[in-house]
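All remarks here apply to the structure that follows.
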Amino acid sequence: MSEWGHKWVDLTTEHCDPSLALWAWCQVQMSDVRLPQERKLIAFRFPDQPPASRYYWFLVERGEIEMGYSDPGGPFDLRVNAESMAFIEWHYGTLEWSRAVSDGRITVRGDRELAAALPTWNTHVPAMVLES
């Protein structure tokens, strides 16, 4: 059923809640083996979202990641600016990260190595598949 839903979901602006995608990425679809051990702070900005839903953060420490809704403080290692639909399409696996970046729908500023590694942290495996 999960595979069917994943295949036939009709992505519209109604499905564009980046906080849900970020949460699922951290809780279910994170490839922990690829996370850096040293502290990294990644800021996400979704300018097409209402102000209260526009900013999120990933804090990586000791190979673990935490998603935040408020700025944890400290210098940012990476800043990601994304159209919500592009981010959701990438999260669902229907858009390549490199394509979204080359189209300007996602921009990444900061540490080059971290920028290259970031999209590889998402396994894109639906939650239902992981639970079986």
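Numbers here are sequence positions counted from 1. Quantities reported herein were computed from a predicted structural model and do not represent experimental measurements. For the numbers below, each heavy atom of this structure counts, side chains included, while hydrogens, waters and symmetry mates do not.
Annotation: side chain of W23 is not in contact with side chain of D17 (no heavy-atom distance under 4.5 Å). In this structure, K40 and L78 have side chains that are not in contact, with every pair of non-hydrogen atoms separated by 4.5 Å or more. Residues D77 and V60 have side chains not in contact (no heavy-atom distance under 4.5 Å, counting atoms from C-beta outward). Residues W90 and E96 have side chains not in contact (no heavy-atom distance under 4.5 Å, counting atoms from C-beta outward). A heavy-atom distance below 4.5 Å is found between the side chains of M85 and R105. Inter-residue side-chain proximity for V80 and F58 is flagged as unmet; no heavy-atom pair is nearer than 4.5 Å. Using a 4.5 Å heavy-atom cutoff, the side chains of L35 and R62 are not in contact. Proximity of W121 to I65: side-chain heavy atoms (C-beta onward) are separated by under 4.5 Å at one or more points.
Note: N122 CG to W97 CH2 = 9.5 Å, rounded to the nearest 0.5 Å. Taking OG of S70 as the reference point, atom OH of Y56 lies at 12.0 Å (rounded to 0.5 Å). Remark: Y69 OH to S19 OG distance equals 5.0 Å, nearest 0.5 Å. One finds the CD1 atom of I88 at 11.5 Å from the CG atom of L95 (value rounded to the nearest 0.5 Å). Taking CZ of R54 as the start and CG of N81 as the end, the distance is 10.5 Å to the nearest 0.5 Å. Taking CZ of R45 as the start and CZ of R109 as the end, the distance is 12.0 Å to the nearest 0.5 Å.
Ring centroid separation for the pair F44 and Y55 does not come in under the 6.0 Å cut-off.
Within the 3.5 Å criterion, the main-chain N or O of E89 finds a donor-acceptor partner in the side chain of T94. Checked by atom type and distance alone, the side chain of H91 never pairs as donor or acceptor with a backbone atom of H124 at under 3.5 Å.
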Self-check item: R39 and L59: CA distance, side-chain angles, deciding distance, side chain to side chain contact (heavy atoms under 4.5 Å, CB included) verdict
Solution: CA-CA 7 Å; R39 184 182 198 275; L59 177 61; 3.6 Å; yes
Exercise. Decide side chain to side chain contact (heavy atoms under 4.5 Å, CB included) for W57 and M67; before the verdict, give the C-alpha distance in whole Å, the side-chain angles of both, and the deciding distance to 0.1 Å.
Key: CA-CA 6 Å; W57 290 265; M67 179 189 154; over 6 Å; no
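Contact between Q49 and S84 at its shortest, heavy atoms only, is NE2-OG, 2.8 Å. A pairwise comparison of heavy atoms in A82 and P47 identifies O-CD, 3.4 Å as the closest pair. For S31 against T120, the heavy-atom pair with the smallest separation is CB-O, 4.1 Å.
In this structure, W25 is a member of the same hydrophobic cluster as L114, with clusters built from ILVMFWY side-chain heavy atoms closer than 4.5 Å. In the hydrophobic clustering of ILVMFWY residues, with side-chain heavy atoms under 4.5 Å counting as a link, V101 and F87 come out together.
Counting non-hydrogen atoms of other residues, nucleotides and ligands closer than 6.0 Å to CZ of R99 gives a total of 12 or fewer. Shown here is E64, whose CD atom has no more than 12 heavy atoms of other residues, nucleotides or ligands within 6.0 Å. Enclosure of atom CD in E113 is not indicated, since only 12 or fewer non-hydrogen atoms of other residues, nucleotides or ligands lie within 6.0 angstrom.
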